[in-house]
Amino acid sequence: MTVADFAEKWFQEYCKKNLAPKTQRSYKLHLEQRIIPALGHIPLSKLQPLQIMEFINNLQEPGLRLDGKSGTLSDHAIMYCYRVLSSMLHDAVQLQLIPSNPCDRVK
């Protein structure tokens, strides 16, 4: 199972059933626009902290804003994306798909 496969299943089975509609839209946007394009191809069991660290660092590059404005993402937007990914991986641990959450080892 890849990160993308799990993200879709997690969104359908957890987010749609437990989150408010506005939060669902925000999670879906971050999953589809940022997390899956960058990490979706990686097998869930092979995702490493270094890959997550590189993903977060790449979010700091100019030109990634979805609102069309110039500049970089705010620290808040980057942290929110990290929290979505970490929450998803936390649930993967709970479901015993991975032994630990690699986000826990990213500073």
Side-chain angles (χ1 to χ4, degrees):
M1 175 181 293
T2 64
V3 171
D5 295 334
F6 181 69
E8 179 61 33
K9 184 175 288 293
W10 178 72
F11 186 81
Q12 294 298 323
E13 299 297 323
Y14 171 75
C15 296
K16 281 193 164 186
K17 295 178 181 180
N18 297 295
L19 302 177
K22 184 177 178 181
T23 306
Q24 288 179 36
R25 286 190 300 276
S26 180
Y27 274 36
K28 188 165 184 67
L29 177 77
H30 280 80
L31 287 168
E32 290 179 348
Q33 298 292 323
R34 303 196 190 289
I35 296 168
I36 292 173
L39 303 171
H41 65 285
I42 301 169
L44 187 61
S45 62
K46 302 288 184 192
L47 185 61
Q48 297 293 315
L50 182 60
Q51 293 164 310
I52 295 169
M53 188 172 63
E54 290 170 351
F55 166 63
I56 297 301
N57 288 338
N58 287 340
L59 290 177
Q60 297 172 346
E61 295 178 6
L64 294 177
R65 293 179 59 119
L66 299 176
D67 60 6
K69 295 179 183 176
S70 63
T72 61
L73 293 172
S74 69
D75 290 341
H76 175 76
I78 292 170
M79 186 55 109
Y80 188 83
C81 192
Y82 169 83
R83 284 195 300 261
V84 171
L85 177 62
S86 184
S87 178
M88 180 181 80
L89 295 174
H90 173 78
D91 288 345
V93 171
Q94 296 299 309
L95 295 169
Q96 298 182 338
L97 298 173
I98 54 177
S100 64
N101 184 343
C103 284
D104 291 344
R105 294 187 295 274
V106 175
K107 294 182 180 182

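In this chain, numbering begins with 1 at the start of the sequence shown.
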#### Entry: Close side-chain approach of Gln51 to Pro102, heavy-atom, < 4.5 Å
no
### Query
What's the spacing between Thr72 OG1 and Ile78 CD1 if we round to 0.5 Å?
6.5 Å
### Message
Can you confirm whether Met79 is buried at CE, in the sense that more than 12 heavy atoms of other residues, nucleotides or ligands lie under 6.0 Å from that atom?
### Response
no
### Message
Please check if the number of heavy atoms outside Gln96 that lie under 6.0 Å from its CD is greater than 12.
### Response
no
### Task
Could you verify whether a donor N or O on one side chain and an acceptor N or O on the other, from Ser26 and Tyr80, lie under 3.5 Å apart?
yes
### Leu29 CG to Ile35 CD1 distance, which is reported to the nearest 0.5 Å
10.0 Å
### Query
Ala7 and Leu31: which non-hydrogen atoms are nearest, and at how many Å?
CB-CD2, 4.0 Å
### Message
Test your reading of the model: is there a side-chain donor-acceptor pair from Asn57 to the backbone of Glu54, 3.5 Å cut-off?
### Response
no
### Query
Hey, are Glu13 and Lys9 close enough for a salt bridge, meaning a charged N less than 4.0 Å from a carboxylate O?
no
### Summary
Between His90 and Asn101 the two heavy atoms that sit nearest each other are N-ND2, 3.5 Å
### Task
Check whether any side-chain heavy atom of Arg25 sits under 4.5 Å from a side-chain heavy atom of Lys22, and report yes or no.
yes
### Task
Measure the CZ-CE distance between Phe11 and Met88 for me, rounded to the nearest 0.5 Å.
12.5 Å
### Query
Distance from Met53 atom CE to Ile56 atom CD1, nearest 0.5 Å?
10.5 Å
### Message
Quick one, Val84 and Arg34 - any side-chain contact, counting heavy atoms below 4.5 Å?
### Response
no
### Query
Just how far is it from atom CD of Glu32 to atom CD of Glu8, taken to the nearest 0.5 Å?
7.5 Å
### Leu19 vs Tyr14 side-chain heavy atoms within contact, under 4.5 Å
yes
### Query
Within a strict 4.5 Å, meaning less than it, do heavy atoms of the Leu89 and Ile98 side chains meet?
yes
### Query
Counting N and O atoms only, with roles assigned by atom type, does the side chain of Tyr82 sit under 3.5 Å from a partner on the main chain of Cys103, one being a donor and the other an acceptor?
yes
### Task
Drop me the distance from Leu47's CG to Leu85's CG, to the nearest 0.5 angstrom.
6.5 Å
### Least distance between heavy atoms, Thr2 atom then His41 atom
CG2-O, 4.0 Å
